[in-house]
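Computed over heavy atoms, backbone and side chain alike; hydrogens, waters and symmetry mates excluded. If you read the sequence from its start, that first residue is 1, and numbering goes on from there.
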Amino acid sequence: SSGINAEYGHSDELKRLRATGADCYAIPRGGLSTFHGPGQLVCYPILNLRNFKSSAKWYVRTLEDLVISTCDDMGVRADRCEHVGIWVSDNKICALGVNI
């Protein structure tokens, strides 16, 4: 998927990706291009933040906490670090992109 900050609209990039057999989708969310591999779960929750807290930071942190908790339930030690996303050691296990 491609977020609003990606150069997804460039036809050369689309041709290159499609030549690999990849399906390409432009999604109105933050971030750059993200590869979603076989067996990977992709979620796009739709909710009204006014029913919770109206803070984008709170929402992203809550999503991160949910991923970390889910990994923990599965015996995987995941955490935040100085980079975006959720990590297991030096390996990214989760990328987050939101559109608010």
Side-chain angles (χ1 to χ4, degrees):
S1 66
S2 176
I4 59 175
N5 296 326
E7 296 182 16
Y8 182 80
H10 297 315
S11 61
D12 289 344
E13 181 67 2
L14 280 176
K15 288 178 189 174
R16 185 186 71 76
L17 291 170
R18 288 191 174 128
T20 68
D23 293 324
C24 303
Y25 300 93
I27 305 296
R29 57 151 176 84
L32 300 170
S33 296
T34 301
F35 171 75
H36 303 290
Q40 183 182 18
L41 179 62
V42 179
C43 300
Y44 291 97
I46 300 171
L47 54 96
N48 185 340
L49 284 180
R50 289 185 192 110
N51 295 333
F52 301 92
K53 293 182 180 180
S54 58
S55 164
K57 186 173 186 172
W58 170 86
Y59 178 57
V60 171
R61 287 300 232 189
T62 300
L63 289 175
E64 290 173 340
D65 289 341
L66 177 63
V67 171
I68 291 168
S69 176
T70 300
C71 288
D72 188 55
D73 289 347
M74 300 175 132
V76 176
R77 176 73 177 110
D79 210 347
R80 297 175 184 91
C81 70
E82 68 272 11
H83 304 291
V84 177
I86 304 301
W87 295 77
V88 175
S89 298
D90 292 335
N91 300 298
K92 185 183 258 188
I93 195 166
C94 176
L96 293 171
V98 299
N99 180 18
I100 297 178

Test side-chain contact (heavy atoms from CB on, under 4.5 Å) applied to D65 and R80, step by step:
CA-CA 9 Å; D65 289 341; R80 297 175 184 91; 2.4 Å; yes
Report yes if the side chains of L47 and Y59 come closer than 4.5 Å at any heavy-atom pair, otherwise no.
yes
L66 and L96: same hydrophobic cluster, using ILVMFWY side-chain contacts below 4.5 Å?
no
Within 6.0 angstrom of D90 CG, more than 12 heavy atoms from elsewhere
no
Using side chain to side chain contact (heavy atoms under 4.5 Å, CB included) as the criterion, point out the one residue from I68, D73, V67 that pairs with C71.
V67
Contact summary for D79 and R77, nearest pair of heavy atoms:
OD2-NH2, 3.6 Å
